[in-house]
Amino acid sequence: MPKPTTRIPLLLRRALTQLRGDPAAGWPNATRIETPESGAPYGSELYGPQWPFPTLKAMMPHLGNRAAQAELRRMIERLEKARIGGAWSKLAKRCAAMNRDPGELVLLALAEALVEFNVTGQADVTKSVKAIRDAACVLAAEIEVLAATGTPLDWLVPADPLALPAIAEAAAMACAMEGNTQPRAAMRYALSRPEVLVALLHDLGERKIGTAAKRKGTKAERRARVIGRHLAKLVDSATACTIAEGATGATITDRSLRPGR
């Protein structure tokens, strides 16, 4: 006779009922001391009627997309059926020591995996890099055409580029390395020259594609790695992998959760 499956964390069960559109009266709750406001459509529970949905959609706008919600529902349903009781026990123990809600932490990891950037495939990355390169070529050519008409180009660059936060930080670092203020003055002069902008655009446009980070595996595997890396901050990598695999149906390795993999 098969052993009973350990139930998924309470908040995941609650999120699943909300994603399914079940009546609020059937949403799983957790007892708390606080008394709800007079007339509230719920009892003395830890989770109010807005949590985790629609609150989570406000926090993470991509979850307002129906396709994302459908995939989130499928991942929670997979976890509901997965026989990974040991992983849930380890996560619950760790979260209890941290006074954190295991359901919330897993739900946030699942939501993070649904951000399209996190699971974009290598073909899409390469396509985007090429589009940037092509756009740089077009922009450089347009600027040169404008320059040929005698139009002043000073407006293309800021009067004080070092006032921009990212550039100011780079300048400060350069000054610290040199031990004087010369790099700052040189950077201000160079970055305020339109011809420098055109040169940088030409360089970007002519640069070979191939520097984009490689993204291996299926979309399910990439999602599993996102979830696993998120959970590996809380539990051991084997437990993180188990939960990630349960949510996605993919198979990943502990090694794939290491930074830069």
Side-chain angles (χ1 to χ4, degrees), residues 3-20 28 30 46-47 51-53 55-65 67-121 213-261:
K3 295 181 179 180
T5 302
T6 301
R7 300 195 75 182
I8 60 178
L10 182 64
L11 188 64
L12 288 182
R13 301 203 305 271
R14 182 180 176 86
L16 184 56
T17 58
Q18 291 178 325
L19 290 168
R20 286 172 174 166
L46 177 63
Y47 308 126
W51 184 248
F53 292 99
T55 302
L56 202 59
K57 287 195 296 184
M59 293 169 53
M60 308 181 80
H62 71 284
L63 290 182
N65 182 282
Q69 289 182 35
E71 187 53 45
L72 179 60
R73 172 179 169 175
R74 283 191 287 270
M75 287 198 290
I76 299 175
E77 287 175 338
R78 290 190 192 99
L79 287 173
E80 189 177 41
K81 298 175 182 177
R83 294 185 174 276
I84 54 174
W88 291 129
S89 298
K90 289 181 180 179
L91 179 63
K93 184 177 180 179
R94 175 61 176 155
C95 287
M98 301 168 59
N99 195 29
R100 298 293 301 276
D101 184 336
E104 180 181 23
L105 295 176
V106 173
L107 185 58
L108 290 175
L110 300 182
E112 181 69 21
L114 292 174
V115 176
E116 195 57 35
F117 172 78
N118 288 329
V119 293
T120 298
K214 300 298 182 182
R215 292 170 175 243
K216 300 179 181 179
T218 64
K219 178 171 284 192
E221 290 170 341
R222 294 194 294 275
R223 281 181 174 159
R225 287 195 290 270
V226 172
I227 296 168
R229 287 168 187 158
H230 196 98
L231 297 178
K233 301 173 185 176
L234 308 166
V235 292
D236 61 274
S237 57
T239 301
C241 280
T242 297
I243 296 174
E245 290 175 345
T248 61
T251 299
I252 58 175
T253 64
D254 295 8
R255 185 181 178 187
S256 69
L257 303 187
R258 297 174 186 172
R261 300 295 300 179

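Residue Leu107 holds its CG atom at 9.5 Å from CG of Asp101, rounded to the nearest 0.5 Å. Between Glu80 atom CD and Arg7 atom CZ the span is 7.5 Å, to the nearest 0.5 Å. Remark: Leu108 CG to Leu56 CG distance equals 6.0 Å, nearest 0.5 Å. In this structure, OG1 in Thr242 is found 8.0 Å from CG in Asp254, a value given to the nearest 0.5 Å. Here NZ of Lys90 is found 14.0 Å from SG of Cys95. Values are rounded to the nearest 0.5 Å. Interatomic distance, CZ of Arg100 versus CG of Leu105, reported as 4.5 Å (0.5 Å rounding).
In this structure the side chain of Thr239 never reaches within 4.5 angstrom of the side chain of Leu231, judged on heavy atoms. Between Leu16 and Leu12 there is no side-chain heavy-atom pair separated by less than 4.5 Å.
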Verdict with reasoning, Glu104 to Trp51, per side chain to side chain contact (heavy atoms under 4.5 Å, CB included): CA-CA 10 Å; Glu104 180 181 23; Trp51 184 248; 3.7 Å; yes
Chi angles and distances behind the salt bridge (Lys or Arg N to Asp or Glu O under 4.0 Å) call for Arg74, Glu77: CA-CA 5 Å; Arg74 283 191 287 270; Glu77 287 175 338; over 6 Å; no
Check against side chain to side chain contact (heavy atoms under 4.5 Å, CB included), Val106 and Trp88: CA-CA 10 Å; Val106 173; Trp88 291 129; 3.9 Å; yes
Worked verdict on Asn65 versus His62 for side chain to side chain contact (heavy atoms under 4.5 Å, CB included): CA-CA 6 Å; Asn65 182 282; His62 71 284; 5.8 Å; no
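For the residue pair Ala109 and Ile227, the shortest heavy atom distance occurs at O-CG1, 3.7 Å. The minimum heavy-atom distance between Ala240 and Ala232, with the atom names listed, is CB-N, 3.7 Å. Across Ala224 and Thr248, no two heavy atoms sit closer than the pair CB-OG1, 3.4 Å. Contact record, Val226 with Ala113: CG1-CA, 3.6 Å, taken as the closest heavy-atom pair. In this structure, Gly246 and Ala82 approach most closely via the heavy-atom pair CA-CB, 4.3 Å. Of all non-hydrogen atoms in Leu114 and Ala68, the two that sit nearest each other are CD1-O, 3.4 Å.
Arg73 places no side-chain N or O within 3.5 Å of a backbone atom of Arg20 that could act as its donor or acceptor partner. Side chain of Glu221 to backbone of Thr218: a donor-acceptor contact under 3.5 angstrom is found. No donor-acceptor pair under 3.5 Å is formed between the side chain of Gln69 and the backbone N or O of Leu19. Looking only at distances, a side-chain donor or acceptor of Thr17 sits under 3.5 Å from a matching main-chain atom of Arg14.
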